[in-house]
Amino acid sequence: MPSMLPPLDPRAAARRSLLRRMMLLSLPMLWGGAAQAQPPATRTVVGVSSGLGDTASMLDAREDFAPVVQLLGEKAGLEVLAIPPTQVAGTIAAGRCDVMLVLTSDAWRAQNDAGWRVIALSDDTAGNVVSLHARKGLPAKTPADLKGRKIAVNGTFARDVLGALLRQSGIEKQVAELRETRDPQALVYFLQNGFADVAATREPAVAAALEQAGAGAFFKTDKIPVYALIANPKLPQERLERLRKAVIGQRFGSEFQGRTRIRAFTAVSADHAVALGLFD
């Protein structure tokens, strides 16, 4: 049976073949163009000390300080590691992270011992003054009077500041006992029941309770920034400056301030010299 289709036009077939080849050749160019329009995010490994805020939970540390971490890079490029307090020094020495959020005491050790650079320091709403309280009747006027005494302290930051005060006074190894507690309210109990001669705290409510129990504060530090953002010494200067601009001056909301007591982050200045000299 003869075909009812019109005869094939060779020129039309050639045009269709050329069009198909052009479309196939253009596909890689289109895909390549899309990749160039959306370059991959710069990878930034951020280490968050799980001892921040004296929390015992690594998950809480990541969640509580998320507003700070989010300033450090695009979400797609961020890798956040929760670092237990006992591993902070090792993580710094190994250079595993690009940026770390740590206690200021850890930051100064990282700067002095491993060349890490301080990006910014916290401007805290409270908890940035450590006070020493002596049990009723105990004569004490300076940290040097802690020699031979039993001391109780709550929290990593207060412990680090206390250690710095003892070193500065030359009596680091001459105290009778150093007792740490997770419960800040336990400090009142220790002093009232003879388990400690002196208590160290950065908690205003606990300091007030100690005063009420007759344990007056005989020494208070200057205001010391509690937290610091530090950068790996291998991080390029250009990235370091970008991080500084992203973080410094950023004021946080009331909810975040309530959880962490961080109002904002500020640049290191001469105003910090006396307080931070404790850690040198």
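These numbers come from the heavy atoms of this one structure, side chains and all, not from hydrogens, waters or symmetry mates. Because the structure is predicted, anything quoted here is derived from the model rather than measured.
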Assess whether salt bridge (charged side-chain N to carboxylate O under 4.0 Å, His left out) is satisfied between R259 and E63, documenting all intermediate values.
CA-CA 10 Å; R259 287 199 310 270; E63 290 183 347; over 6 Å; no

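- For the atom pair L165 CG and I151 CD1, the distance stands at 10.0 Å (nearest 0.5 Å).
- Remark: side-chain polar atoms of Q174 are paired, donor with acceptor, to backbone N or O of G170 under 3.5 angstrom.
- The backbone N or O of P225 sits nowhere less than 3.5 Å from a side-chain atom of N128 that would complete a donor-acceptor pair.
- Pairs engaging residues 179-213 under the ring pair (Phe, Tyr, Trp, His ring centres under 6.0 Å) rule: Y189-F195 [sequence neighbours left out].
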Name each donor-acceptor pair under 3.5 Å that joins a side chain in residues 204-221 to protein atoms two or more places apart or in another chain, with its distance.
residue: E211; atom: OE2; partner: A217; partner atom: N; Å: 3.1
residue: T221; atom: OG1; partner: V130; partner atom: N; Å: 3.1

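- R159 is linked by a side-chain contact (heavy atoms from CB on, under 4.5 Å) to V153, T156, E180, counting only residues two or more places apart in sequence or in another chain.
- Closest approach of A158 and R202 over heavy atoms only: CB-N, 4.3 Å.
- In this structure, CG on L235 lies 11.5 Å from CD1 on I230, to the nearest 0.5 angstrom.
- The shortest side-chain heavy-atom distance between N232 and C97 does not fall under the 4.5 Å cut-off.
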List the atom pairs, with distances to 0.1 Å, where a side-chain N or O of residues 241-252 and a protein N or O form a donor-acceptor pair under 3.5 Å, not counting sequence neighbours.
residue: E241; atom: OE2; partner: Q237; partner atom: NE2; Å: 2.8
residue: E241; atom: OE2; partner: R244; partner atom: NH1; Å: 2.9
residue: R242; atom: NH1; partner: E238; partner atom: OE1; Å: 2.8
residue: R242; atom: NH1; partner: E238; partner atom: OE2; Å: 2.3
residue: R244; atom: NH2; partner: V118; partner atom: O; Å: 3.2

Return all side-chain donor-acceptor pairs below 3.5 angstrom for residues 83-92, not counting sequence neighbours, or 'none' if the list is empty.
residue: T91; atom: OG1; partner: Q87; partner atom: O; Å: 2.8

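- Looking only at distances, no side-chain donor or acceptor of S169 sits under 3.5 Å from a matching main-chain atom of I171.
- To the nearest 0.5 Å, atoms OG1 (T104) and CD (Q111) are separated by 11.0 Å.
- Checked against side-chain contact (heavy atoms from CB on, under 4.5 Å), S269 has the following partners two or more places apart in sequence or in another chain: D271, H272.
- Residues in residues 81-101 take part in no salt bridge (charged side-chain N to carboxylate O under 4.0 Å, His left out) pair, two or more places apart or across chains.
- Taking V69 as the reference, V46, V48, L78, V80 meet the side-chain contact (heavy atoms from CB on, under 4.5 Å) condition, with sequence neighbours excluded.
- Between F157 and Y227, the ring centre distance reaches or exceeds 6.0 Å.
- Summarising the geometry of L191 relative to A134, their closest heavy-atom pair is CD2-C, 4.1 Å, with the distance given to 0.1 Å.
- A search for side-chain hydrogen bond (donor to acceptor under 3.5 Å, both in side chains) contacts involving R179 returns E177, not counting sequence neighbours.
- Taking the side chain as every heavy atom from C-beta outward, Q168 and L166 never approach each other to under 4.5 Å.
- By the rule that hydrophobic residues join a cluster once side-chain heavy atoms approach within less than 4.5 Å of another member, L146 and L187 end up as members of separate clusters.
- A 4.5 Å side-chain heavy-atom check between I224 and L276 finds at least one atom pair inside the cut-off.
- Applying the salt bridge (charged side-chain N to carboxylate O under 4.0 Å, His left out) rule to pairs touching residues 127-149 yields R135-D197, sequence neighbours excluded.
- Residues L132 and L162 meet the side-chain proximity criterion, which asks for heavy atoms closer than 4.5 Å.
- Identified under the ring pair (Phe, Tyr, Trp, His ring centres under 6.0 Å) test for residues 98-137, with sequence neighbours left out: none.
- The distance from the OG atom of S122 to the CZ atom of F265 is 5.5 Å, given to the nearest 0.5 Å.
- The backbone N or O of G77 sits nowhere less than 3.5 Å from a side-chain atom of R43 that would complete a donor-acceptor pair.
- With rounding to the nearest 0.5 Å, the separation of CD1 in I262 from CZ in F256 is 4.5 Å.
- For N154 (side chain) and T201 (main-chain N/O), no donor-acceptor pair under 3.5 Å exists by modelled atom type.
- Pairs of residues two or more places apart, or lying in two chains, that qualify as salt bridge (charged side-chain N to carboxylate O under 4.0 Å, His left out) and include a residue from residues 99-127 are D106-R109, R109-D160, D123-R263.
- When the side chains of ILVMFWY residues are joined at heavy-atom separations under 4.5 Å, either directly or via intervening members, V45 and I119 end up in a single hydrophobic cluster.
- Taking each heavy atom of L278 and A164 in turn, the nearest pair found is O-CB, 3.5 Å.
- Side-chain atoms of T44 and R239, non-hydrogen and from C-beta on, do get closer than 4.5 Å to each other.
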